[in-house]
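Each remark here refers to the structure printed beneath this line.
Remember, predicted model here, so these are calculated numbers, not experimental data. By convention in this document, chain letters (A, B, ...) are assigned in the order of the sequence lines, proteins followed by strands, and residues within each chain are numbered from 1.
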Amino acid sequence: MTTDHLPSGDPGGTPGHAHDHGSDLPADLVESTHAVSVTVNGRLRRATVPARRLLSDFLRHDLGLTGTHVGCEHGVCGCCTVLLDGAAVRACLLLAVGVDGRAVTTIEGLAAEDGTLHPVQQAFHDEHGLQCGFCTPGFVMSACDFLADNATPTRAEIREGMSGNLCRCTGYQNITAAVETAAARLAETGQDPRARCAGNDPDSGSGAVARARMGATPNEAGTTGRGPAGQGPSSTGALDDGPGDPGSAVGEGDA
Amino acid sequence: MHDKAEPTPADDRATPRSGGTGSRHDATAPGVRTVGAGDSLPHDSAHKHVTGAAIYTDDERALDGELHLAPVLADIARGTIQAIDTTTARAVEGVVGVWTAADVPGRNDTAPVFDADPLMADERVSFFGQVVAVVAAEDLDTARRAARLVEVDATAEDPSLDLATAFERGDHLRPPHRQERGDPDAALSSAAHRLSGELVMGGQEHFYLEGQVARAVPGEDGDLWLSSSTQNPTEMQHLVARILDRDMKSITVEVRRMGGGFGGKETQSAQAACLAALVADATGRPARMRLRRHDDMVTTGKRHDFLGRWEVGFDDDGRITALVTDLVGNAGHSVDLSEGVVDRAMFHVDNCYFLPAARVSGHTVATNTVSNTAFRGFGGPQGMLVGESVIEAIARHRGLDPLEVRRRNFYAPVDRGDGRDTTHYGQQVTDNIIAGLVEEVATSADYDARRDEIAASNAQSTVLRRGIALTPVKFGIAFTVRHLNQAGALVHVYKDGSIHLNHGGTEMGQGLFVKVAQVVASELGVDVARVRVSSARTDKVPNTSPTAASAGTDLNGMAAQFAAREIRGAITTWLADRDDVDPDDVVFADDQVTVGERTLPFATVAHEAYMARVPLSSTGHYATPDIHYDRETGSGHPFFYYAYGAAVSEVVVDTLTGEMKVVAADLLHDVGRSINPAIDLGQVEGGFVQGVGWLTTEQLHWADDGRPTVTGPSTYKIPAIGDPPEHFEVRLVPDSVNLADVVYRSKAVGEPPLMLAISVWCAIKDAIASLADGAVDPPLAAPATPEAILAACDAVRADGVN
Ligand code: FES
Ligand code: FES
């Protein structure tokens, strides 16, 4: 069933064994495939996926973005949190076909191209807001969305706002502190927490900032904060925004 | 293999060496000032964790042709398999094969100590969810769907599920173990007061966020390489060799990191590793097994639920004169590590209290549930909870503050000379700091004043009742199995001055890698950024012990220290000889080496030493001294030393609904001289919160037919961010020094803080007891769920009226 037709040469594609075996399967194993175009971390990615391919599997296996972790695969632990058009969602509860035409930001899409950490990442690092780290990408992504809605949260508001993510190692104290610290640092720079960090590299300039603001495309206006996963309005806005060529041989482009 | 060779741009920031050189520790050998050890460095993977670059086993890219596995689980808890029909499953396109017990070439047993943990059920099914077969397919979805098409024909029998019934019926998996001192029966008879009681304690799911996962890749000569999320690479190597009937030399197991372990990947990682190995070996293709959360919770062992029965004799002041107790551990269907778990419960039933006469009996009992296993504390928490409930009962009976009863029963300092300093298993408590530690936290948390204030406020409140408790912890450090108390390490200094470090310990988030790197950096007087910690590999350091028993840093830190000292010694001898200076005048510090009057960069010295043909690689081996225990007599010196802590917790209970909230916790914990205070504080805080989960919200449940009904985080409630108290003060005992010769005089920290959570359970009892003015000991079960709290409230109200 691994019919992941990422165009050959895609560095994020699934290596090796694509086995196409559609119609001989028992009825409940037959599954149609669909072409999707998703802007992931500012790049337009196109693939053909089975109808039931989860967004989390699409990111991890088809695109090789393994920073998005799966802890429970049923929407409770928050490990798989990514931003969909700027809103935190659980990638294990969404299908890849459901995000066709939309923009996804994963943990790999936060640091600047020069390696500068996003303020939320830096805060989790500095405040020791992690142990085994398995929950960390999910917490960081949730915090980005939370801080976009509430730039100056109290501790109580952090406890409320971050309650959708589980951590089994820490006692959450350093996670809470990390969100506090991130809020303070973001306030200094005025950066949109859902955007890719611009970085310190003077040459990266406005282009990087423009890419960084990808999450805040016009789509976002139609997305209601942290609504239930997968219930945002569908839109093709992300594709329209990007210069990516739909016929591109490598199946990706800047959005 | 996953360590990047190039430093990432932020690596500089990753190693702020606060505190400078040698600020926390004295020189441990002539010519060395410590650097790195004692500093609050971030976790070595912190940068990779916040960027998503850290590679966990399932993040490794699939190789060409890699197969995906899904287990077929028994849907009865006890019975006999008549037939397994795999025809339909095999016919599914994409399915490569289905394997059952009959296909295991070697021994179908993954038991770590005693036999009878079948890799796959062979005729007999002994718990619901036991693996019966494994399906391999080209992709995971196909494997999982095909697994549902395997038909297992089995005749079901009535499962044995009730621990007390099984105990009374005599369903022992191991002979009972007994520790006895004095004449407890006579002491009970002559005691001024006697009480008896029973405590039922639930188990606990590890809920490591990264589930069980392993990959196996075939190589030449029938060799296999495995990447496994395990705390126990050598045991995985050993078991894979066993099930494939191979030598250990054919199997290599590698572990870069785990997404949490907590004991749940000490033996329970074996099934995924062995099944992946079985399929890889049979097909010649790489194979990967990752359990979905439901299957993980159903098929892997948990913390043991326990039954504690006790009878205590005490004097008018609440001083214990005799304790007789039976500690009954639910092993589940097989022994696994249960005997050791029950032993450790017995070793900790005394907690900090002297038992002049005692009979402590441990029972390893079988039921038709998953085989319970190691979990942070390893039986210690269950034993200690029984001990603390005895103290609580005495206090309520005598109308005393439980803290006062605790104080009166503390082990005496050795120099008091009254003999009240030796445990019921004969080990003298020579490093006792209990009383001072308890007074310190009582003062800092303002225990006395708060207790009075709470009593006053409870008198005004009918429904909401507050409670407070201070409980101490004494936890023995060492594996109670003697041969496991050893470790190895491998250190290379390359000719460019960079350093490769490998040791037998595994990283599960506890910060072991950074702590051991700090030790090596200190020994060689270099910046810790020079040291690359590498994944645990059985072909680099052999015959390793599991990273468990809190002993990771104690054992591997010492082994790495020895290895680094060996290299330093070789360089020192060569330099002293070459430059004709006294070896004591060769000093490794500040990333430099000073030889008499000259100071050279460390990298230069490394290069020159290489040119001079000085050996720059060394192994180190450490074996913990002074530990022994005789099971026949139930006495000995099983622990190298004890770790201590104490906590004050305050709760508020709604006595009409059973709802409870922890409102404050003040923790003071002893880690000796900390190698990394930030890491250690994280362990204390995380351990406490995990313990609170065990004692309050985390409840396992089985249906009458033995089917587990709690199989995911939607029904199993680990603490979330809103659960820790708003006032949460965590401190390390300042200026503490381990009297035992442990690396830099630090102390183990992984398990002991979990038991600080007993203060929360006792505070809940205190709140409930207020319903009868403290005169009735609330019969509170563990976990103290709202239902359990409500039941205890009702019982206290009823008792208080009578
Ligand atoms: S994996 Fe747990 S919420 Fe998605
Ligand atoms: S750091 Fe391990 S789950 Fe959060």
Does Ile721(B) form a side chain to side chain contact (heavy atoms under 4.5 Å, CB included) with Glu160(A)? I'd like the steps, not just the answer.
CA-CA 8 Å; Ile721(B) 196 168; Glu160(A) 178 74 31; over 6 Å; no
Sorted by chain and residue number, the salt bridge (charged side-chain N to carboxylate O under 4.0 Å, His left out) partners of Asp296(B) (sequence neighbours excluded) come out as none
With side chains defined as the heavy atoms from C-beta onward, is the minimum distance between Thr66(A) and Glu60(B) less than 4.5 Å?
no
Contact class of His206(B) relative to chain A, heavy atoms under 4.5 angstrom:
backbone
Where Tyr172(A) and Pro724(B) come nearest, the two heavy atoms and their spacing:
CD1-CG, 3.9 Å
Name the region of Glu507(B), side chain, backbone, both or neither, that has any atom closer than 4.5 Å to a heavy atom of chain A.
neither
Tell me which of these, Ala720(B), Ala678(B), Gly261(B), Ala137(B), has more heavy-atom pairs under 4.5 Å with chain A than the rest.
Ala720(B)
Measure the spacing between CG of Leu209(B) and SG of Cys79(A) and express it to the nearest 0.5 Å.
4.0 Å
Donor-acceptor contact below 3.5 Å, side chain Arg293(B) vs main chain Cys72(A):
no
Could you look at Ile175(A) and say if it's the side chain, the backbone, both or neither that has a heavy atom under 4.5 Å from chain B?
side chain
Looking only at heavy atoms and a cut-off of under 4.5 Å, which of Gly682(B), Gly260(B), Gly509(B), Ala46(B) has the most pairs with chain A?
Gly509(B)
Residue selection (most heavy-atom pairs with chain B, distance under 4.5 Å) from His69(A), Met162(A), Arg155(A)
His69(A)
Side chain proximity check, Gln131(A) to Gln683(B), heavy atoms < 4.5 angstrom:
yes
Identify which part of Leu110(A) has an atom lying under 4.5 Å from any heavy atom of chain B, answering side chain, backbone, both or neither.
neither
Main chain of His43(B), side chain of His128(A): is a donor-acceptor contact present, judged purely on distance under 3.5 Å?
no
For Cys167(A) and Ile718(B) the tightest heavy-atom approach is O-CD1, 4.3 Å
Go through Gly259(B), Pro713(B), Gly686(B), Gly722(B) and name the one with the most non-hydrogen pairs under 4.5 angstrom from chain A.
Pro713(B)
Using a 4.5 angstrom heavy-atom cutoff, name the option from Gly133(A), Cys135(A), Gly164(A) with the most pairs to chain B.
Gly133(A)
Portion of Pro753(B) that has a non-hydrogen atom of chain A nearer than 4.5 angstrom
neither
Any chance you could lay out the side chain to side chain contact (heavy atoms under 4.5 Å, CB included) test for Leu681(B) and Gln173(A), step after step, and finish with the verdict?
CA-CA 10 Å; Leu681(B) 282 167; Gln173(A) 302 309 290; over 6 Å; no
Any side-chain heavy atom of His61(A) within less than 4.5 Å of one from Leu140(B)?
no
Does any part of the side chain of Ser714(B), heavy atoms only, come nearer than 4.5 Å to the side chain of His74(A), both counted from C-beta?
yes
Exactly one of Ile107(A), Leu130(A), Val140(A) clears side chain to side chain contact (heavy atoms under 4.5 Å, CB included) with His49(B), and that residue is Leu130(A)
Please report the shortest heavy-atom distance between Gly52(B) and Pro137(A), naming the atom on each side.
CA-CG, 4.5 Å
Under 4.5 Å from a heavy atom of chain A, the part of Tyr56(B) involved
side chain
Check each atom of Cys169(A) against the heavy atoms of chain B and say whether the ones under 4.5 Å are side chain, backbone, both or neither.
both
Heavy-atom side-chain proximity of Asp141(B) to Arg52(A) below 4.5 angstrom
yes
Sort Val120(A) into side chain, backbone, both or neither according to what part of it lies under 4.5 angstrom from a heavy atom of chain B.
neither
Got Asn174(A) and Glu685(B) here, is their nearest side-chain heavy-atom distance under 4.5 Å?
yes
Partner set under side chain to side chain donor-acceptor pair (under 3.5 Å) for Glu698(B), not counting sequence neighbours
Arg168(A), Gln204(B), Tyr716(B)
Is it the side chain or the backbone of Val50(B) that comes within 4.5 Å of chain A heavy atoms, both, or neither?
both
Highest number of heavy-atom pairs under 4.5 Å with chain B among Leu166(A), Thr68(A), Thr170(A) belongs to Leu166(A)
Does any heavy atom of chain B fall under 4.5 Å from the side chain of Glu108(A), the backbone, both, or neither of them?
both
Which of the residues Ser45(B), Gly712(B), Pro719(B) is involved in the greatest number of heavy-atom pairs with chain A at under 4.5 angstrom?
Pro719(B)
Quick one: does Thr51(B)'s side chain get under 4.5 Å of Leu117(A)'s, heavy atoms only?
yes
Say you draw a straight line from CD of Glu726(B) to OG1 of Thr176(A); how long is it, rounded to the nearest 0.5 Å?
10.0 Å
